[in-house]
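Here it is, the structure, as structure tokens.
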Amino acid sequence: MYDLFLLDSLPQQQATMAPHTFQGERVWLKRAAKRNSRLAYAPLSLLAAWFKLDLLKPVPNVGGEQSILTEATRIETLRKAGIEVPLILAKTPQALLLADAGTSTQPAVTLLEKLKSTDDPEHIDQTLTRSIRALNCVHKRDCYLSEGFARNILVTEEKTIFIDFETDPGRVHTPIDCMVRDWYCFIFSLYGKLYKSPTQCERLTPALLEGLNNANQDVRERFCEILPKLLRLKRFPFKLLGSDGRKISITLQALTVLNKKL
């Protein structure tokens, strides 16, 4: 029945990702997106070569049917490893139908939404600790994410769910670098979005320190090996490049603190 719903709904949906209701159940239809331009990856490729940081090499999103196949394969692999990911209800070469990560009584929200919903330090600590433990759990099971940004992490009262697997970093990076890349995506996305939320920012650094100290030893060592090289980016005047540049500058300042304490 999910297969028929997918086939019926796909021609009517213009957006890449959209919610639907099927027999009273909230589901998500994700259709193949267009391929990103190769030019979009050029700046990051240049930085990776300039600073000799393989970790910065971009993982291109090829789009189309290949991205759907990649996402389905990655979700199934992670689910078999015991990682919380969306349940695939139906699939075609052009689209996936995914179960909603939450329920009517426990809706799923992004990690950022959850963190910004309160200024209670205890609640912030609990949310950060759960998400960081979930990330370490992924790595301890010899797995990695695709884009470990906070927007791709959903939380309920009981679970932390990872989403968005259109790319496979393992095609570009070693498994350890994929895991370290998860950490840097996670860190940049949090500081970049929370720098105007003082309580959240204050709690973030100690939570990250604890999480990194509890990470797999080889992941932590590789993270610490790369960090001083990454901090060379501080020589660029990111503050002059608008809001995105300011976010990068603030994150690099926070990484300087982490570098001193790890």
Side-chain angles (χ1 to χ4, degrees), residues 1-23 25-38 40-41 57-103 107-111 131 134-135 137-156 159-179 181-182 185-186 189:
M1 58 180 178
Y2 289 120
D3 296 307
L4 291 176
F5 180 79
L6 172 55
L7 292 174
D8 288 342
S9 303
L10 182 57
Q12 305 169 39
Q13 180 174 307
Q14 299 300 314
T16 302
M17 186 80 166
H20 296 264
T21 301
F22 177 62
Q23 295 186 351
E25 177 184 3
R26 183 179 173 89
V27 296
W28 293 83
L29 198 161
K30 185 169 189 176
R31 64 178 303 149
K34 294 181 180 179
R35 178 176 185 154
N36 291 339
S37 169
R38 291 181 181 273
Y41 302 107
K57 287 181 180 178
V59 182
N61 184 345
V62 299
E65 293 185 3
Q66 182 58 52
S67 68
I68 293 296
L69 175 60
T70 297
E71 178 138 22
T73 301
R74 298 231 58 221
I75 286 176
E76 289 162 356
T77 298
L78 290 165
R79 179 168 284 277
K80 287 178 182 178
I83 308 302
E84 290 283 358
V85 291
L87 174 65
I88 299 175
L89 302 173
K91 60 183 177 180
T92 72
Q94 296 78 34
L96 297 175
L97 188 67
L98 305 170
D100 190 79
T103 65
V109 298
T110 68
L111 175 58
S131 61
L135 179 60
C137 181
V138 172
H139 298 160
K140 289 181 187 302
R141 298 184 185 190
D142 294 323
C143 296
Y144 52 84
L145 306 177
S146 291
E147 304 290 344
F149 300 118
R151 67 171 183 265
N152 294 329
I153 301 174
L154 303 179
V155 295
T156 67
K159 298 187 297 183
T160 300
I161 308 100
F162 300 101
I163 64 172
D164 198 352
F165 297 99
E166 294 178 354
T167 61
D168 184 354
R171 295 175 180 171
V172 177
H173 303 288
T174 66
I176 293 299
D177 275 1
C178 288
M179 298 175 194
R181 181 175 178 273
D182 285 343
C185 287
F186 184 77
S189 66

(request) Check step by step if side-chain contact (heavy atoms from CB on, under 4.5 Å) holds for Tyr144 and Asp168. (result) CA-CA 9 Å; Tyr144 52 84; Asp168 184 354; 2.7 Å; yes

(message) Considering only residues two or more places apart or on different chains, which pairs with a residue in residues 4-17 satisfy side-chain hydrogen bond (donor to acceptor under 3.5 Å, both in side chains)?
(response)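 Listed by first then second residue: Gln13-His20.
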
(message) Please check: side-chain N/O of Ser146 versus main-chain N/O of Thr167, any donor-acceptor pairing under 3.5 Å?
(response)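 Present.
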
(request) Measure across Ala95 and Leu6 and return the closest heavy-atom pair with its distance rounded to 0.1 Å. (result)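 So the two residues come closest at CB-CD1, 3.9 Å.
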
(request) Using the side-chain contact (heavy atoms from CB on, under 4.5 Å) rule, take Met17 and Ile163 through it: C-alpha gap first, then chi angles, then the decisive distance, then the call. (result) CA-CA 12 Å; Met17 186 80 166; Ile163 64 172; over 6 Å; no

(request) Quick one: which residue pairs count as a salt bridge (Lys or Arg N to Asp or Glu O under 4.0 Å) with a foot in residues 87-102, not counting sequence neighbours? (result) Arg26-Asp100, Glu76-Lys91

(message) Could you report the tightest heavy-atom contact between Phe162 and Pro86, atom names first, then the distance?
(response)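 In this case the closest contact between Phe162 and Pro86 is O-CD, 3.2 Å.
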
(request) Would you name the heavy atoms of Ala81 and Cys143 that are closest together and state the gap between them? (result) CB-SG, 3.6 Å

(request) Supply the atom-to-atom distance Leu96 CG to Arg31 CZ, rounded to the nearest 0.5 angstrom. (result)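 Leu96 CG to Arg31 CZ: 12.0 Å, rounded to 0.5 Å.
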
(request) Check whether any side-chain N or O of Arg141 sits under 3.5 Å from a backbone N or O of Gly82 as a donor-acceptor pair, and report yes or no. (result)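 The answer is yes, because a donor-acceptor pair under 3.5 Å joins these two groups.
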
(message) Given 3.5 Å as the limit, does a donor-acceptor pair link the side chain of His173 with the main chain of Val59, or not?
(response) no

(message) Is any side-chain heavy atom of Leu154 closer than 4.5 Å to one of Lys159?
(response)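 Counting from C-beta outward, Lys159 and Leu154 never come under 4.5 Å.
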
(request) For Phe22, check ring-ring contact (aromatic ring centres under 6.0 Å, His included) against everything at least two apart and list the hits. (result) Tyr2, Phe5

(message) Which heavy atom of Ala33 sits nearest to which heavy atom of Ser67, and what is that distance?
(response) N-OG, 4.4 Å

(request) Check whether any side-chain heavy atom of Pro175 lies under 4.5 Å from a side-chain heavy atom of Asp142, and answer yes or no. (result)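 Counting from C-beta outward, Pro175 and Asp142 never come under 4.5 Å.
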
(message) For a 4.5 angstrom cut-off between non-hydrogen side-chain atoms, does Val85 reach Glu71?
(response) no

(request) Take Ile161 and Thr156 through the test side-chain contact (heavy atoms from CB on, under 4.5 Å) and record every step on the way to the result. (result) CA-CA 8 Å; Ile161 308 100; Thr156 67; 4.1 Å; yes

(message) Tell me the closest heavy-atom pair linking Pro93 and Glu65, and the distance in Å.
(response)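 Heavy-atom minimum between the residues: O-CG, 3.3 Å.
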
(request) Could you tell me whether the side chain of Trp28 reaches within less than 4.5 Å of the side chain of Leu97, counting heavy atoms only? (result) no

(request) Under the side-chain contact (heavy atoms from CB on, under 4.5 Å) rule, what do Thr160 and Leu135 come out as? Steps first, then yes or no, please. (result) CA-CA 9 Å; Thr160 300; Leu135 179 60; over 6 Å; no

(request) Output yes when a side-chain donor or acceptor of Arg74 lies under 3.5 Å from a complementary backbone atom of Phe165, and no otherwise. (result) no

(request) Indicate yes or no: at least one non-hydrogen side-chain atom of Leu145 is less than 4.5 angstrom from one of Asn152. (result)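 They are not in contact (no side-chain heavy atoms under 4.5 Å apart), so the answer is no.
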
(message) If only side-chain N and O atoms count, and only distance matters, is there a donor-acceptor pair under 3.5 Å linking Thr70 with Gln66?
(response) yes

(request) State, to 0.1 Å, how close Ser189 and Ala150 come at their nearest heavy-atom pair, and which atoms those are. (result)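 Distance-wise, the nearest heavy atoms are OG-N, 2.9 Å.
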
(message) I'd like to check Leu89 versus Glu25 (side-chain heavy atoms, cut-off strictly below 4.5 Å). Are they in contact?
(response) yes

